[in-house]
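Everything below concerns the one structure shown next.
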Amino acid sequence: MKRRIFAHHLNNFTMATNRTFTMLKPDATTAGNTGKIIDRIIQAGFTIKAMKWTQLSQAQAESFYEVHSERPFYGELVEYMTSGPIVAAILEKDDAVASFRELIGSTNPAEAAPGTIRADFAKSIAANAVHGSDSDENAAIEGRFYFSEREEA
Ligand code: IDP
Ligand code: MG
């Protein structure tokens, strides 16, 4: 019994350090690229733990991007992120945060490496197809913005 409890806690810890959070942004959903991008994510070895198609309200977008509230593009970003549907997902893989940032490429699609999701699907620096968390801590916060523990696979 003790062993089982220990293994359960160890497993949760390991999983928590290997998760990231993504959103497919309105440019990707409205262009019909949702399926293609999800396929790239799966083919790259990520496991989907939770996923939903939804749309951000003004208040939700302001809250999600609170960390960027002092940046000059904040207003534009919030307006853009509320302009259409998004797909939110929690993903799991070894070294998930860094691995996913590599898969999506640089913020500015003009600078994104060939073959990355942003190089192939992004329209502009704001409408850049996908979000990817920048740390384990933010991945957990952002995942909880959309999903309760009960909703995770
Ligand atoms: P990241 O998404 O690559 O982590 P961040 O610097 O965290 O990039 O910026 C968050 C989001 O804000 C970007 O994904 C993009 O949609 C938007 N953004 C970043 N820089 C600019 C800009 O200079 N103009 C307009 N939007 C921007
Ligand atoms: Mg960021």
Side-chain angles (χ1 to χ4, degrees), residues 14-153:
T14 306
M15 283 165 57
T17 59
N18 290 298
R19 285 182 174 202
T20 191
F21 172 80
T22 188
M23 283 186 286
L24 309 198
K25 299 186 180 184
D27 61 289
T29 59
T30 57
N33 291 329
T34 305
K36 285 174 244 178
I37 295 173
I38 292 171
D39 191 52
R40 291 239 189 149
I41 293 168
I42 292 169
Q43 295 309 317
F46 290 87
T47 302
I48 297 169
K49 305 303 289 184
M51 178 171 273
K52 71 173 72 159
W53 179 287
T54 185
Q55 184 155 349
L56 286 163
S57 68
Q58 173 90 13
Q60 286 171 325
E62 285 171 357
S63 169
F64 186 90
Y65 283 110
E66 178 80 53
V67 288
H68 295 313
S69 61
E70 301 306 317
R71 294 173 80 175
F73 57 81
Y74 180 64
E76 183 193 341
L77 177 60
V78 167
E79 188 183 350
Y80 167 64
M81 288 302 295
T82 58
S83 69
I86 61 105
V87 175
I90 295 173
L91 306 172
E92 191 169 274
K93 194 189 179 193
D94 285 350
D95 201 17
V97 167
S99 177
F100 193 72
R101 303 245 355 154
E102 201 179 316
L103 179 68
I104 68 178
S106 302
T107 309
N108 184 349
E111 293 163 10
T116 59
I117 291 174
R118 282 168 167 171
D120 292 343
F121 296 106
K123 312 280 187 237
S124 67
I125 191 164
N128 59 359
V130 281
H131 169 83
S133 302
D134 62 9
S135 66
D136 288 348
E137 188 194 2
N138 284 335
I141 293 168
E142 292 169 358
R144 280 288 166 270
F145 187 88
Y146 285 97
F147 302 102
S148 73
E149 233 173 290
R150 282 173 308 167
E151 292 176 287
E152 295 176 17

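Atom set for the values below is all heavy atoms of this structure, side chains included, hydrogens, waters and symmetry mates excluded. Given the structure is predicted, the values throughout are model-derived calculations rather than measurements.
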Check: Listed by chain and number, what are the salt bridge (Lys or Arg N to Asp or Glu O under 4.0 Å) partners of Asp134, not counting sequence neighbours?
Finding: none
Next item on the list: Identify, with sequence neighbours excluded, every residue that meets side-chain hydrogen bond (donor to acceptor under 3.5 Å, both in side chains) alongside Thr82.
Entry: none
Next item on the list: For Pro26 and Ser83, work out which heavy atoms get closest and say how close.
Entry: CB-OG, 3.7 Å
Checklist line | Shortest non-hydrogen contact from Asp136 toward Val97 | finding: OD1-CG2, 3.4 Å
Check: Any ion pair linking Asp120 and Lys36 (charged N to carboxylate O, less than 4.0 Å)?
Finding: no
Item checked: N-O pairing of Lys49 and Glu151 below 4.0 Å -> no
Checklist line | Pairs satisfying salt bridge (charged side-chain N to carboxylate O under 4.0 Å, His left out), at least one member in residues 102-116, at least two apart | finding: none
Next item on the list: Supply the atom-to-atom distance Lys93 NZ to Thr47 OG1, rounded to the nearest 0.5 angstrom.
Entry: 10.0 Å
Notebook entry, point to check: Under the side-chain hydrogen bond (donor to acceptor under 3.5 Å, both in side chains) test, which residues partner Tyr80, sequence neighbours left out?
Noted result: Asp27
Item checked: Ile42 and Ile48: CA distance, side-chain angles, deciding distance, side chain to side chain contact (heavy atoms under 4.5 Å, CB included) verdict -> CA-CA 8 Å; Ile42 292 169; Ile48 297 169; 4.0 Å; yes
Note to self: Could you go through Ile117 and Ile41, starting from their C-alpha distance and side-chain angles, then the distance that decides it, and tell me whether this counts as side chain to side chain contact (heavy atoms under 4.5 Å, CB included)?
What the structure shows: CA-CA 9 Å; Ile117 291 174; Ile41 293 168; 4.1 Å; yes
Next item on the list: For Ile141, enumerate each residue passing the side chain to side chain contact (heavy atoms under 4.5 Å, CB included) test, keeping only those at least two apart in sequence or located in another chain.
Entry: Glu137, Asn138
Checklist line | Listed partners of Glu79 passing salt bridge (Lys or Arg N to Asp or Glu O under 4.0 Å), at least two apart | finding: none
Next item on the list: Might you point out which heavy atoms bring Arg40 and Leu103 nearest each other, and give the distance in Å?
Entry: O-CD2, 4.3 Å
Check: How close do Thr29 and Pro85 get, heavy atom to heavy atom, and via which atoms?
Finding: OG1-O, 2.7 Å
Next item on the list: Mind running side chain to side chain contact (heavy atoms under 4.5 Å, CB included) on Leu24 and Ile86 for me, showing each step along the way?
Entry: CA-CA 5 Å; Leu24 309 198; Ile86 61 105; over 6 Å; no
Next item on the list: List for me each residue that meets side-chain hydrogen bond (donor to acceptor under 3.5 Å, both in side chains) alongside Asn108, sequence neighbours excluded, and say none if there are none.
Entry: none
Notebook entry, point to check: In Å and rounded to the nearest 0.5 Å, what is the CG to CG distance from Asn18 to Asp95?
Noted result: 7.5 Å
Checklist line | Those residues that, when tested against Phe145, pass ring-ring contact (aromatic ring centres under 6.0 Å, His included) (two or more places apart) | finding: Phe64
Item checked: side-chain hydrogen bond (donor to acceptor under 3.5 Å, both in side chains) partners for Gln55, two or more places apart -> none
Margin query: Going by side-chain hydrogen bond (donor to acceptor under 3.5 Å, both in side chains), name the pairs with one or both residues in residues 57-73, residues two or more places apart or in two chains.
Written below: Ser57-Gln60, Gln58-Glu62, His68-Arg71
Notebook entry, point to check: Short question: side chain of Arg144, backbone of Phe147 - any donor-acceptor pair under 3.5 Å?
Noted result: yes
Note to self: Quick one, Trp53 with Thr34, criterion side chain to side chain contact (heavy atoms under 4.5 Å, CB included). Give me CA distance, side-chain angles, the key distance, then yes/no.
What the structure shows: CA-CA 10 Å; Trp53 179 287; Thr34 305; 3.6 Å; yes
Scan the side chains in residues 122-133 for donor-acceptor partners under 3.5 Å anywhere in the protein, sequence neighbours excluded, and list what turns up.
residue, atom, partner, partner atom, Å
Ser124, OG, Ala126, N, 3.4
Ser124, OG, Ala127, N, 3.0
Asn128, OD1, Lys25, NZ, 2.7
Asn128, ND2, Thr107, O, 3.1
Asn128, ND2, Ile125, O, 3.3
His131, NE2, Glu142, OE1, 2.9
Ser133, OG, Phe21, N, 3.3
Ser133, OG, Phe21, O, 3.3
Ser133, OG, Glu142, OE1, 2.6

Notebook entry, point to check: What's the shortest heavy-atom distance between Pro109 and Arg118, and which atoms?
Noted result: CB-O, 3.6 Å
Check: Between Arg19 and Ala139, what is the shortest heavy-atom contact and its length?
Finding: O-CB, 3.5 Å
Item checked: Residues that Phe100 engages under ring-ring contact (aromatic ring centres under 6.0 Å, His included), provided they are two or more places apart -> Phe46
